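Read through the structure below, which is laid out as structure tokens, and then see the notes.
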Amino acid sequence: CNLGVVGSNPTRGSEKAEDVTEHSPLFSYIPVPSPNLLKIYSLHATVSNYICNFAKLFFHNGGWRQRRPLLYILMTSMAENKGYMQRYAMLFGTYMGVFWILKFILFPLGLKYNLPFLSFLFMGLTLCVPFMGYYYLRIYRNQVCGGAINFLPAWLFTVSMYIFSALLTAVAHYIYFRYIDHGFILDTYENLLSSLSASNVPGIEAYLKQLNEALDAIRALSPIDITFQLMSQNVFYCSLLALPTALFAMRRRKDEVAG
């Protein structure tokens, strides 16, 4: 540390330097480091030395890659095939979005024509969504990632695919609730609740009251509000579905397994 060297050692150097030290107000106010401050400087230097040695150990001569710590795996996983990830996520997200739109059409049709088969088909196709996500993730893993993919990029790809699907489906939802529905779904459910209340089933009044309040809250929403609600629900639940999908589809490279 060079703080206070000139002021604390006036006999060192030439006489001209001594005169500058004695008469210059700038050097006269430089304090001499205290012992505690010197200990802090020493500790800082020691910690910095350890950090530099640690960095040299893992970055020099491929040592970082040979040891393959978790941070390196995550960094390389985020970087590999980054351009292809967005491209394939948009492509497969478009396919799944079209599937969601066709699946959604079955729901109001089943209510309008009183066909329970269409409602059950709608629920069955909804259960097929995670399997489609796994199928598309396997295609991305085998064709783009060389047959190996880590958990984090697999999860990110699946979530991105579901986000693109939800955005495309949100367009169809807005068109339906803005120009086609006109309260048809809510009216159908209200008629169903009215028939249930007329059946005089004991203990069902409290549940019917809660359902009617929920329907009144939904009726107060605008078509764009309903669209955003459905889109946020799709993204949230599909991001949870992406966790087991990524776990089943992940596969390490042979050199990582051997190392």
Side-chain angles (χ1 to χ4, degrees), residues 54-55 57-107 121-174 227-259:
F54 179 81
L57 175 64
F58 283 96
F59 282 102
H60 184 63
N61 293 330
W64 171 263
R65 295 177 177 84
Q66 292 174 3
R67 288 164 180 80
R68 294 187 181 275
L70 178 60
L71 181 59
Y72 169 74
I73 295 176
L74 294 179
M75 290 172 62
T76 53
S77 300
M78 293 289 291
E80 62 183 0
N81 303 316
K82 184 178 180 181
Y84 290 102
M85 176 182 291
Q86 184 177 2
R87 186 183 308 173
Y88 275 80
M90 292 179 64
L91 177 63
F92 294 147
T94 302
Y95 295 159
M96 186 170 290
V98 173
F99 173 76
W100 285 5
I101 293 173
L102 296 177
K103 176 176 65 69
F104 172 74
I105 294 175
L106 299 175
F107 182 69
L121 182 60
F122 168 78
M123 291 185 290
L125 294 177
T126 302
L127 295 177
C128 294
V129 169
F131 298 98
M132 290 184 62
Y134 175 75
Y135 173 73
Y136 289 141
L137 179 57
R138 283 192 59 187
I139 295 178
Y140 172 74
R141 180 196 67 189
N142 296 331
Q143 295 187 1
V144 179
C145 301
I149 191 172
N150 293 318
F151 171 77
L152 184 59
W155 182 78
L156 289 176
F157 171 80
T158 310
V159 172
S160 301
M161 179 180 60
Y162 284 138
I163 288 175
F164 287 117
S165 303
L167 290 174
L168 182 60
T169 310
V171 177
H173 285 165
Y174 177 76
T227 301
F228 275 112
Q229 288 285 341
L230 293 175
M231 184 179 66
S232 61
Q233 290 179 6
N234 288 334
V235 172
F236 174 74
Y237 291 120
C238 289
S239 62
L240 296 181
L241 287 176
L243 294 174
T245 305
L247 286 175
F248 282 110
M250 64 178 293
R251 181 181 298 174
R252 300 180 62 183
R253 291 185 175 87
K254 294 181 180 180
D255 55 349
E256 292 183 1
V257 176

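Everything numeric in this text was worked out from a predicted model, so none of it was measured. Nothing fancy with the numbering, it's 1 onward along the sequence.
- In this structure, Ser165 OG and Met132 CE are separated by 8.0 Å, a value rounded to the nearest 0.5 Å.
- With sequence neighbours excluded, the residues that form a side-chain contact (heavy atoms from CB on, under 4.5 Å) with Leu106 are Leu118, Leu121, Phe122, Leu125.
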Under the criterion side-chain contact (heavy atoms from CB on, under 4.5 Å), I'd like the reasoning laid out for Val98 against Leu102: C-alpha separation, chi angles, the key distance, then a yes or no.
CA-CA 6 Å; Val98 173; Leu102 296 177; 4.2 Å; yes
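- By the neighbour-count criterion of 12 heavy atoms within 6.0 Å, atom CE of Met90 is sparsely surrounded, having that number or fewer from other residues, nucleotides or ligands.
- Panel note: side chain Arg141, backbone Arg251; no donor-acceptor pair is recorded below 3.5 Å.
- For Phe248, the side-chain contact (heavy atoms from CB on, under 4.5 Å) partners two or more places apart in sequence, or in a different chain, are Tyr134, Pro244.
- Here the shortest heavy-atom pairing between Ala249 and Ile149 reads O-CG2, 3.8 Å.
- The distance from the CD1 atom of Ile163 to the CG atom of Leu168 is 14.0 Å, given to the nearest 0.5 Å.
- Summarising the geometry, atom CZ belonging to Phe131 is positioned 9.0 Å from atom OG1 belonging to Thr245; distances are rounded to the nearest 0.5 Å.
- Rounding to the nearest 0.5 Å places CE of Met85 at 4.0 Å from OH of Tyr140.
- For the ring-ring contact (aromatic ring centres under 6.0 Å, His included) test, residues two or more places apart in sequence or in another chain that qualify with Phe92 are Tyr88, Tyr136.
- Qualifying side-chain contact (heavy atoms from CB on, under 4.5 Å) partners for Ala172, counting only residues two or more places apart in sequence or in other chains: Ile101.
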Mind listing the side-chain donor-acceptor pairs of residues 151-160 below 3.5 Å, one per line with the distance, residues two or more places apart or on another chain?
from   : atom 1 : to     : atom 2 : distance (Å)
Trp155 : NE1    : Ser239 : O      : 3.3
Thr158 : OG1    : Ala154 : O      : 2.7
Ser160 : OG     : Leu156 : O      : 2.7

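- Looking at Met231 and Leu167, their side chains come closer than 4.5 Å, going by heavy atoms from C-beta outward.
- Contact between Asn234 and His173 at its shortest, heavy atoms only, is ND2-CE1, 4.2 Å.
- Contact of the Val129 side chain with the Tyr162 side chain is registered, since non-hydrogen atoms from C-beta on lie closer than 4.5 Å.
- With sequence neighbours left out, the side-chain contact (heavy atoms from CB on, under 4.5 Å) criterion links Phe236 to Leu240.
- Other residues, nucleotides and ligands contribute only 12 or fewer heavy atoms inside 6.0 Å of the CZ atom of Phe228.
- When all heavy atoms are compared, the tightest approach of Phe164 to Gln86 is CE1-O, 4.4 Å.
- When all heavy atoms are compared, the tightest approach of Val235 to Ala166 is CG2-CB, 3.8 Å.
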